Amino acid sequence: MSASASSFGAALRFSSRRLRRGWRSGELLILTLALVVSVASASAVGLFSDRVRRAVTQQSGDAIGADALISSRDALPQTLVDELRATGLRTARITEFASVVLSGEDTLLVSVKAAEAGYPLRGALRIADAPFAPAREVREVPGVDEVWIDVRVWQTLNLQPGASLQLGESTFRVTGVIEYEPDRGAGFTDLAPRALINAQALPATQLIGVGSRTQNALLLAGDEPALQAVGERELPAGARYLRPDKARPEVGRALGSAGQFLDIAVLAAILLSAAAVALSARQHGQRQRDEVALLKCMGASSRYVGWVLMSQLFLLGALAGLAGAAIGFVGQAVLAALLGALLDAPLPSPSLVPLLTAWGLELILLLGFALPPVLRARKVPPIRVFQRNVGEDRSLVVGALALGSAVALLWWQAGDPMLALSVLGGALGTTLVLALMAWGFVWLLTPLRRAGRTALRFGLGNVARRRGSSVGQVVALGAALLALLLLAVVQRDLLDAWRNRVPPDAPNQFLINIQPEQVEPLQAFFTQRGYRDLQLWPMARGRMVAFNGKPVTADSFDDPETRRWINREFNMSWTASFGDDNELLEGQWWTAADAGKPWLSVDDYVVERLGAKLGDKLTLTMADREIELTIVNIRRVKWESFKPNFFLVTPPGTLDAAAGMAQYLTALHVPRDQRGLLRDLIREFPNVTAFDIEATMNQVRGIVDRVVQAVQFLFGFALAAGACVLLAAIENTRAERVRETALLRTLGAARRTIAIGLVTEYLVLGLLAGLVAAAAAQIIAWVLARQVFELPYSWSPLLWLFGGVGGALLVVLLGWWSLRKVLDTPPRVVLASAN
Amino acid sequence: MSERELEAGLESDVKAGRGMAASGRAVVEASGVSKRIQSGSTSLTILEAVDLRIAEGETVAIVGSSGSGKTTLLSLLAGLDLPSTGEITLDGRALGALDEDARAALRAGRVGFVFQSFQLLGGFTALENVMLPAELAGYADAESRARRALDRVGLSKRLTHYPYQLSGGEQQRVAIARAYCGEPRILFADEPTGNLDHDTGERIVELLFELNRVGGTTLVLVTHDMGLAARCGRQLLLSQGRLLT
Ligand SMILES: Nc1ncnc2c1ncn2[C@@H]1O[C@H](COP(=O)(O)OP(=O)(O)OP(=O)(O)O)[C@@H](O)[C@H]1O
Ligand SMILES: [Mg+2]
């Protein structure tokens, strides 16, 4: 029964007892709240973004009709299909090839797609009974004697309802018009119109024999692990494994930005929680010192004291971890319910793994931010029971630990040390700037110490007198306000701008196959109907045969994507004007005077594929003639504009030899209620084909909208974390203010005088913090706009107003609320309990 | 240890006369003790060449004018701080050789405190405050000891009250119950009646001396109250850091 005081059990009992009333001190409550917010945000973020990511991947899976696919020139063997099915994947094979359909005397070159039952594995076809009739969603393939066709086939062959088409040796009934085919590529201009048949009907057509040119794909859908396993297995020669985020540039880009948005939202919430935890833990540690001294007086060892302090924190941490996980779970469920209506497919059910990550994060918060400042109290000597000033300390170790933990925290969450370091660097730089500005402002206030009436002087004087603590408080308040302001800016301006990158009037109709002599009549047709300044792009095909004088074929390159690309015919165009949806990266755009020069403008995709640079020469064959073109500039096309764009463009006149064979195309926005116009168009220009790309556009918009909502939800947590920092900053000086207020009232100060003084002080602190925050918010928003969102940023003077006035009001309100009781209770009671 | 055994043990102590002895075994000894405080370039001497010996069961009052070093001496004797020079022995152990934790371990279960400003834990009920030293000393029956101790100071009805719900005198009685509960061999009290009115102070003093009478606990009191000092077996007078008697 000796001094086994250090036993952990006793410490645990002690600290749990202590916690029962420890809530009374605000800082423990705030510390717990901050922990709850961080766990809630990390777990909600983890759970939800995990689900969103899986859903978004699934949705972009729609864009290829599957989660992934294996493409190959040759038919894929049944053994591979069986093996993949055995791993739990769903499969469907498709075969595409060019062929001719017959309708009576008429023939038409079509792109036939023969799909196995199960196609499409993701997304749905939209099939109508007749052209421009209402379409229905279809998730199956035609019957063995049926064919579904593009409206172009219907129009060109002048079909009537109930028509039949001959394809090879078989006859098919036309039972549907394809309005939307999820896996039709973006390179629509390459494709002949579609005819979709059931794969079981393919052998009977006898179209596929040895040596016939087909493109085969095996569509796959299923669990992520199984899909990943496919990527690692040996595939037949010539087969390529494709994941959707690689397959379509515009979907891929939306996904990339989505990931970045989610990361930023999460990191913001976590950094703010860390700041709130550090602030309140420091205060908690300081408040423990008297008690620690007393415990030591009565014989407690510092080990026992350490256990007490630590178990107290970990008890809190466990509670906060559970509460946070529960809130996180509810949060993501509420969000899923809200967004459910927008989804084609239900969100996959949450997996619990993100909870572990969230708890790991909380552990880092506890160990790195909360424990060190609290454990400092362990060192307080017992003599403090007689001498209050003993055991006050400042420690660099605590700061260094917090810094290291911040890196660990960011690393843990972002999974990227460079990103972690740069975010941390940004945060530190911001803090430094905040501190400098705060110091400057407080310094400017010094002469005001003696100005104004008593109450005002008391308030202003307090700010100037306690310069160090004032600067600290302005920095803490400023950081919290900065976070709130930034969230407002990012949410309102940047997300909106991002969302609007696909403008509402982006072209939704493409017209192709326009003959040179139809250019003017077509323009007249549209001008009559109120569509002015219709731009038409000429288009000619070419094949690349040499690069810088050296002959090239697909075999000259190792990269499969380049090989595929070289194999195709390029669509080329010529124009004098530079598209407003293009960005010039290198070189100069040409003038009208350069017409006819053998120059070439390329998209940076070409640069990437060929490793080309300014001055390189491409030799192309066009209409049996060779022409050598020199790259004079490099562009980057914003494909989100949905306007026609070309990888390869020359000045007008350069391709005159090919121009005779050129066809033109154009794109325009036709509102839904004016679709009748397209029928007139087809009647007047029967050979022109109209393409509706609205579905594709909506697909991209749908992804972006969904991500924006997810991000806004996540920013809500960052907002809560910011509020915790604000509360912690106010709470930090509360005890001191309570004692001071009681003393002043004891000494005879009127309640009104003290109230005005306090309001003045909080007003000044809030105003300073708000201004400092507004300045920093502008800078950071600018950097974010330029670096992350790639958007222009407009400076907003309103931010200063919101920051300054809003900050001042918010701080006054919170400060007033935290001290409201003090002003209403007799000073005797306050002084008695302050002891 | 059951209650009966405890009482029996205490009575045998009293019968053996240990509670009264002034010449028995020394529980606190100081020789050549001084305390200097270095602040900036000036060195301040608070205590100078203090020698004393307090025997088991003794009651000793330390008196002197304000600022004479009474509190400093008390805290050195209790091992809360170390002297600049000299040696202090507490319950037979030389404090100079012990680190802070070892000194704390020495206090646990041996040394009790009563302070002028009570020093109760605000977040703990009266009962929990009183249990604390017994728990620190590792007694398994801390709670029943605490209930008995509170009963002895007449607060058995206030077990679940928090310090802010108690008057100053009641808080000091809780503090004394806390000292009882650990059954210390030696109790240090720094102006235990300083914050209390005369009558309440009387009751507190009564309780302190009862501890000495029944349990044989050595009392070392710092006080300005000459009446209280006179009730002690011995008075030590401090003046400007030097012991005059
Ligand atoms: N940490 C310290 N730094 C500077 N001076 C100190 C320190 N501790 C004590 N002193 C000084 O030492 C002297 C003795 O202090 P102490 O608290 O022991 O006096 P005291 O006799 O208890 O007085 P009181 O009756 O007023 O409580 C005082 O002059 C005090 O100012
Ligand atoms: Mg004193």
Side-chain angles (χ1 to χ4, degrees), chain A residues 1-7 9-25 28 287-288 290-308 312 378-391 825 828-835, chain B residues 1 37 70-72 74-76 78-82 99-113 115-125 127-129 131-142 162-168 171 178-179 181-182 184 188 190 195:
Chain A
M1 286 226 295
S2 73
S4 68
S6 53
S7 88
L12 200 67
R13 268 202 313 283
F14 178 85
S15 49
S16 64
R17 198 184 293 152
R18 219 203 144 278
L19 278 181
R20 274 210 320 269
R21 263 179 51 86
W23 302 111
R24 287 225 148 195
S25 54
L28 266 193
R287 283 228 183 158
Q288 300 299 297
D290 290 344
E291 214 169 292
V292 168
L294 188 63
L295 283 177
K296 286 192 170 176
C297 242
M298 293 188 290
S301 65
S302 31
R303 193 153 120 238
Y304 176 85
V305 171
W307 278 124
V308 166
Q312 211 164 287
R378 192 175 41 122
K379 301 251 163 74
V380 169
I383 189 73
R384 188 179 159 88
V385 294
F386 291 119
Q387 294 167 11
R388 295 218 113 218
N389 59 334
V390 173
T825 32
R828 180 188 59 79
V829 177
V830 178
L831 283 177
S833 63
N835 172 33
Chain B
M1 219 191 265
I37 300 269
K70 304 183 293 293
T71 299
T72 308
L74 192 77
S75 61
L76 288 178
L80 300 183
D81 200 2
L82 287 178
D99 67 4
E100 197 178 290
D101 276 348
R103 280 182 269 137
L106 183 60
R107 282 194 295 274
R110 286 195 188 78
V111 175
F113 284 96
F115 306 95
Q116 179 177 11
S117 55
F118 321 142
Q119 300 274 18
L120 298 177
L121 296 184
F124 282 51
T125 61
L127 181 66
E128 288 164 350
N129 264 295
M131 278 164 71
L132 207 56
E135 281 185 319
L136 285 171
Y139 296 136
D141 58 346
Y162 289 97
Y164 74 97
Q165 294 168 307
L166 301 172
S167 75
Q171 288 185 48
R178 179 172 69 186
C181 187
F188 293 103
D190 191 5
N195 273 342

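Here the structure is a predicted model, which means the values were calculated and not measured. Proteins come first, then strands; the chains are lettered A, B, ... in the order of their sequence lines, and each starts at number 1. Computation of the quantities below employed the complete heavy-atom set of this structure, encompassing side-chain atoms and omitting hydrogens, waters and symmetry-equivalent molecules.
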Exercise. Rounded to the nearest 0.5 Å, what's the gap from CD1 on A:Ile383 to OG1 on B:Thr71? Could you check?
Key: 9.0 Å

Quiz item: Is any side-chain heavy atom of A:Pro381 less than 4.5 Å from a side-chain heavy atom of B:Glu100?
Solution: yes

Quiz prompt | Donor-acceptor contact below 3.5 Å, side chain B:Asp101 vs main chain A:Ser301 | solution = no

Self-check item: Region of B:Arg178 that comes under 4.5 Å of a non-hydrogen atom in chain A
Solution: side chain

Quiz prompt | Side-chain heavy atoms of A:Pro382 within contact of B:Arg107, under 4.5 Å | solution = yes

Self-check item: Atom group of B:Leu76 that falls short of 4.5 Å from chain A, counting heavy atoms
Solution: neither

Quiz item: So what's closer than 4.5 Å to chain B heavy atoms on A:Leu294: side chain, backbone, both or neither?
Solution: side chain

Quiz item: B:Arg110: what forms a side chain to side chain donor-acceptor pair (under 3.5 Å) with it, not counting sequence neighbours?
Solution: B:Asp91

Exercise. Kindly write out the residues that satisfy ring pair (Phe, Tyr, Trp, His ring centres under 6.0 Å) with B:Phe115, not counting sequence neighbours, or none if the list is empty.
Key: A:Phe386, B:Phe113

Quiz item: Taking all atoms of both residues into account, what is the closest heavy-atom pair of A:Ala300 and B:Ala104, and its distance?
Solution: O-CB, 3.3 Å

